[in-house]
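To keep things clear, I will list the structure first and then write my remarks on it.
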2 protein chains.
Amino acid sequence: MVTLKEVAARAGVSRSAVSRTFTEGASVSDKTRRKVELAADELGYQPSLIARSLATNRTKLIGLVANNFRNPVFLEVFDLFTQGLQKRGFRPLLVNLSTETDPEKSLHMLRQYRVDGIIIATSTLPPTFPDAFRKAGVPVIHAFGKIDASSGVHVVGIDNRKCGEMAAQTLVDRGYKKIALLGGPQSATSTQDRLAGFLSQLGKLGVEPADVRFARDYSYSAGREAMTELLAEMEVEALFCGDDLICMGAMDAARGKGLKIPEDIGFLGFNDMNMAGWSAYDLTTIHQPIRDIILSSVELVVAMVGEPDRSNETRLFSCSIVERSTLRPLPAS
Amino acid sequence: MVTLKEVAARAGVSRSAVSRTFTEGASVSDKTRRKVELAADELGYQPSLIARSLATNRTKLIGLVANNFRNPVFLEVFDLFTQGLQKRGFRPLLVNLSTETDPEKSLHMLRQYRVDGIIIATSTLPPTFPDAFRKAGVPVIHAFGKIDASSGVHVVGIDNRKCGEMAAQTLVDRGYKKIALLGGPQSATSTQDRLAGFLSQLGKLGVEPADVRFARDYSYSAGREAMTELLAEMEVEALFCGDDLICMGAMDAARGKGLKIPEDIGFLGFNDMNMAGWSAYDLTTIHQPIRDIILSSVELVVAMVGEPDRSNETRLFSCSIVERSTLRPLPAS
DNA sequence: TGAATTTTTGCAACCGATTGCAAAATTTTG
DNA sequence: CAAAATTTTGCAATCGGTTGCAAAAATTCA
């Protein structure tokens, strides 16, 4: 690898001069800059970001911690995340929490690489993370996180409680009586909040939920299994699912029993993933503004790097119903 | 951040001693090791991988270059890739080629971070990559690449030509006569190779292809549009699609025209993505062993880091038909 | 026990950049 | 044109580790 020194020698200038031509906003005359650039080109010089990081104490690396590598909505997350960072001159260091035996381990690893910031894209946040990084002065953004000022991290996401309420209202408005909820994994705070909002609104409207249960994970098969069990036990008129993928599994389970959608049973999904628009499902669902959440997270983490002791922020985006064909229409009123 | 020096001071040993307790296979007595570990714990010391990288000229960073952040099969790629690297003590640096104005730019960036190796997961390889990295002595693995010994990079993938032949044989065996191909983007070498194999085998079997066309990209909507156009122009009995996603779009287009699958028209997909097994599609498809390809790529790239001038290798895995319900059964013979 | 051998330790140079400071060069001003 | 003000430049210390080498310590052997 060609180094600074060699370029300096070739250009007949000092090492500082070379360094300065490659650092934003440093003072070099046009003449030396040209000399240096010429020499650098001839030698194929590329400044070492490793060495620079050591000297500046900035790596331009942002950690992305995720634990859901099976749900297609995460593709969009990865796409927007990498794009957003690239555009700002930062780089993503990906951490797959799903299998790492120990979240502690990835934590260490991120600290060892001296990442400038971290975005956690999981509804559940490993509890030791916030402290560990705050102590080290590394900004942490919890995307899709729970609204909770006390946690000490920045949160960018949605108001899950409100979404639950919206779902309940939507189903009741359409005249459904026997309404069930099929949530994501029960341990996820997003599930709990959605459930709370759902039940509360149902209560306000004087409707008793017919059933509440939870899928094992955010997958088609988990949705399908849970729905199969549900159908074996009872009849319901409409179902609010914690995730589109779960919902599609549930729909296929219902169809498998010969039920027609939306005549015999209605479905309301969550996320509005790409596939929700496919005509085999054409799912009515609650749109989660993933794009806004990720772009905002990226923007925030980059801002934090420049201005480390900014006070905590919570950014919430609103969700909206996307009408397709898995719920019966609103009665003419 | 706590540094080596502080730990050394506290433990009452030299900096080398501390360094050695944290490097694999270095010689330290148990006594000093314990002293050092104690001091390190008390201070919360984490060795800086940045500094280490500078000194050792090894970053333990592997670049993953991808350009398809919309196709769910890539989730599996990301999952296996990150897992595989993590298990071996390496870290993924993700590059999203889809939007980076200039592939050259990402190339520079990867070199600036001094990645130890690169896996390119695209069917089309930016032509300047191999040379640039070979010159720098960085191993490059082209996953899903074209068999082509001359390119100077390692290739791990499948024999696309053979897959095309397999597809043709499968369709003819089932008695289809009017057979069409709906490929992925025409510029992809994988598409070209599959097409070549397909046509060649069809020729051998004395069947004239009814139509050959290409989807704009690897997406549901592209498949749907291409199929809509095709149906407006002609009738076909069976279709070989270059990707499951494209195939699902095509199926929905056909169903939209009132066609029954597989009675009126048969579909053969490619990849065997998760969704192919969903009952709304239940797609008969050619399984691409993505897991094998990625695991093998990771293993290979890590091996290359330890042994830089290993000769070029091509690793090919075989594909197989997964029978579901979108093709009519083999005639009893 | 003492010499021979092996293991552990510390010194100091090095990896490839950045940056504060003062000197040198250039530009502005009167 | 000289003095003052400004810009550019190079020196040398620094970032946080690693590692070859020789000295010191511990172990083995006769």
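So that the names make sense, note that chain A is the first sequence line, chain B the second, and so on, each numbered from 1. Everything numeric in this text was worked out from a predicted model, so none of it was measured. Reckoned from all heavy atoms, side chains included, excluding hydrogens, waters and symmetry mates.
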- Is Leu316(A) close to Ile158(A) at the side-chain level, that is, under 4.5 Å between some pair of heavy atoms?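 Result no, sub-4.5 Å side-chain heavy-atom pair not found.
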Mind listing the side-chain donor-acceptor pairs of residues 2-11 of chain B below 3.5 Å, one per line with the distance, residues two or more places apart or on another chain?
{"from": "Thr3(B)", "atom 1": "OG1", "to": "Lys5(B)", "atom 2": "N", "distance (Å)": "3.3"}
{"from": "Glu6(B)", "atom 1": "OE2", "to": "Thr3(B)", "atom 2": "N", "distance (Å)": "3.3"}
{"from": "Arg10(B)", "atom 1": "NE", "to": "Glu42(B)", "atom 2": "OE1", "distance (Å)": "2.7"}
{"from": "Arg10(B)", "atom 1": "NH2", "to": "Glu42(B)", "atom 2": "OE1", "distance (Å)": "3.0"}

Would you classify [X] as touching base, sugar-phosphate or nothing, given that sugar-phosphate means primed atoms plus P, OP1 and OP2, and contacts are heavy atoms under 4.0 Å?
| X | result |
| --- | --- |
| Ser53(B) | nothing |
| Ser29(B) | sugar-phosphate |
| Thr3(A) | sugar-phosphate |
| Ser48(A) | sugar-phosphate |
| Ser19(B) | base |

- Return yes if the base of dG17(D) and the side-chain atoms of Arg15(B) contain a donor-acceptor N/O pair under 3.5 Å, otherwise no.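 Yes, a donor-acceptor pair under 3.5 Å.
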Rounding to a whole Å, what distance do you find between [X]:[atom1] and [N]:[atom2]?
| X | N | atom1 | atom2 | answer |
| --- | --- | --- | --- | --- |
| Ile50(B) | dT18(D) | CD1 | C1' | 15 Å |
| Tyr45(B) | dG17(D) | OH | C1' | 7 Å |
| Leu4(B) | dT18(D) | CG | P | 7 Å |
| Leu54(B) | dT14(D) | CG | C1' | 12 Å |
| Arg111(A) | dG17(D) | CZ | C1' | 17 Å |
| Tyr113(A) | dG16(D) | OH | P | 18 Å |

- Item | Whichever of Lys31(B) and Leu49(A) has its nearest DNA chain C nucleotide further upstream toward 5' |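 Nearest nucleotide further toward 5': that of Lys31(B).
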- Query: More 5' along DNA chain C: Thr32(B) or Val18(A), using each one's nearest nucleotide?
  - Reply: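 In this pair, the answer is Thr32(B).
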- Query: When the aromatic ring centroids of Phe69(A) and Phe81(B) are compared, is their separation below 6.0 Å?
  - Reply: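 Ring centres of Phe81(B) and Phe69(A) not closer than 6.0 Å.
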- Assert yes or no for the condition that the ring centre distance of Phe78(B) to Phe74(A) is strictly below 6.0 Å.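 Between Phe78(B) and Phe74(A), the centre distance exceeds or equals 6.0 Å.
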- Message: Holding to side-chain contact (heavy atoms from CB on, under 4.5 Å), I want the full list of residues that pass it with Arg33(B), two or more places apart in sequence or in another chain.
- Response: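 Partners of Arg33(B) by the side-chain contact (heavy atoms from CB on, under 4.5 Å) criterion, ordered by chain and then number, come out as Thr21(B), Val28(B), Glu37(B).
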- Message: Which nucleotide wins on minimum distance to the side chain of Ser16(A), given the candidates dG16(D), dT8(D), dA12(D)?
- Response: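 In terms of side-chain proximity for Ser16(A), the closest of dG16(D), dT8(D), dA12(D) is dA12(D).
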- Query: Strictly by modelled atom types, are Ser16(B) and Ser19(B) linked by a side-chain donor-acceptor pair under 3.5 Å?
  - Reply: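 Their side chains do not contain a donor-acceptor pair, so the 3.5 Å distance test is not met.
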- Message: If only side-chain N and O atoms count, and only distance matters, is there a donor-acceptor pair under 3.5 Å linking Asn96(B) with Asp79(A)?
- Response: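 Side-chain D/A pair, Asp79(A) to Asn96(B): present.
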- Quick one: how far along DNA chain C does chain B reach, first to last nucleotide 5' to 3', anything under 4.0 Å to a heavy atom?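 Listed 5' to 3', the contact boundaries are dT8(C) to dG16(C).
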- Message: Let me spell it out: for each of Phe22(B) and Ala17(A), pick the nucleotide of DNA chain D with the closest heavy atom. Which residue's pick is nearer the 5' end?
- Response: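 Final value for this comparison: Ala17(A).
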